[in-house]
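Ligands are counted one by one from 1 in listed order, and the atoms in each one are counted from 1 as well.
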Amino acid sequence: MTLGKIIDGKAFAAKVQEKVGAGVAKFVEKAGRKPGLAVVLVGEDPASAVYVRSKAKMTVQLGMESFEYKRPANIGQDELMELVEELNGDPRVDGILVQLPLPKHLDEQAVVNAINPDKDVDGLTPISTGRLALGLPGLVPCTPLGSLMLLKDQLGDLTGKTAVVIGRSILVGKPMAQLLLGENCTVTIAHSRTKDLASVVHAADIVVAAVGRPEMVKGDWIKPGATVIDVGINRVPAAEEGKTKLVGDVATAEALAHAAAITPVPGGVGPMTIAVLMRNTLYAAHLREGLPAPEGL
Ligand code: NDP
């Protein structure tokens, strides 16, 4: 039995970053300024703080400007909305990312809706969502776009392939399905009410799992030769007492006996998410300067 291939998301993300870095240098020549990404962090959530730090670090590494706005957990809705408005009008800022989730007392959707869609590097505003649905150019959520890049790198043209996306969130499942549809796949979206998920998955050439349930997708659900993108990030107890480890939504070891290729967790989709955020910032900067979209990204 030949085992499937493990897709090296880290290596592919490094290539994307390299292209973004080269694109930034060209942008600076043309526009006479650096692209800028503003990240808003509300509260002290340690995981969010780590994400924000790594995003800021990579922004600077790739030659862009990073603006960090840390605000206390008890910030009021009006004050946060004012900050977003300020960033909408700030000429140095091409991309605005409000780190989610926000503390419970804040209306998250209202904050996201206030972001100028042309600066919406997370692709979560209704305008960005609508542009994606209409097949118009625009900013697309980073994780699904990164997943699509990995798929195209593995498979080339996706036309005519059957794809199952498990999960229908605004952040991952729905935009992923739209992107696959845009690539001429025949797309099924599965969710918690789907009946006989195993059979639904077994029909697919491409499986994207974005559920948040550790190793829920079993190996024998996978159609022989399918390509599997495991978006899930789940922390579970490790063999060593008191320790934890990260696993995806797919039982990777089992799935490798059936799949042609699969992304690991960690080291698959995760690194792509941040690389695409950098790509989106560069893309937004081009948009704002009226320049054609950067090539090869
Ligand atoms: P959500 O919780 O918003 O959505 C989960 C989806 O899974 C829902 O649509 C839900 O269905 C569906 N679901 C839940 N249980 C089942 C089930 N038993 N069978 C089938 N479908 C089910 O999660 P997200 O989309 O935000 O994230 C999904 C996963 O991806 C998480 O593990 C998250 O940590 C990870 N993630 C990883 C990123 C990365 O960079 N790699 C970035 C973003 C997320 P229903 O709608 O019916 O409730």
Salt bridge (charged side-chain N to carboxylate O under 4.0 Å, His left out) filter on K19, not counting sequence neighbours, yields none
Does R279 make a cation-pi contact with Y283 (under 6.0 Å, within 45 degrees of the axis)?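 Geometry flag: set, cation within 6.0 Å and 45°.
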Does K30, at its NZ atom, have more than 12 non-hydrogen atoms belonging to other residues, nucleotides or ligands within less than 6.0 Å?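 Yes, because the 6.0 Å sphere around NZ of K30 holds more than 12 heavy atoms from other groups.
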D205 and T162 side chains, donor-acceptor separation under 3.5 Å: yes
Who pairs with E18 by side chain to side chain contact (heavy atoms under 4.5 Å, CB included), at least two apart in sequence or on another chain? none
Name all pairs fulfilling the salt bridge (charged side-chain N to carboxylate O under 4.0 Å, His left out) condition that reach into residues 31-55, sequence neighbours left out, sorted by first residue then second. R33-D94, R33-E289
Can you work out which protein residues put a heavy atom within less than 4.0 Å of ligand 1?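 If the criterion is a heavy atom under 4.0 Å, then ligand 1 touches T143, I166, G167, R168, S169, L171, V172, H191, S192, L197, A210, V211, G212, R213, M216, V231, G232, I233, N234, V269, G270, T273.
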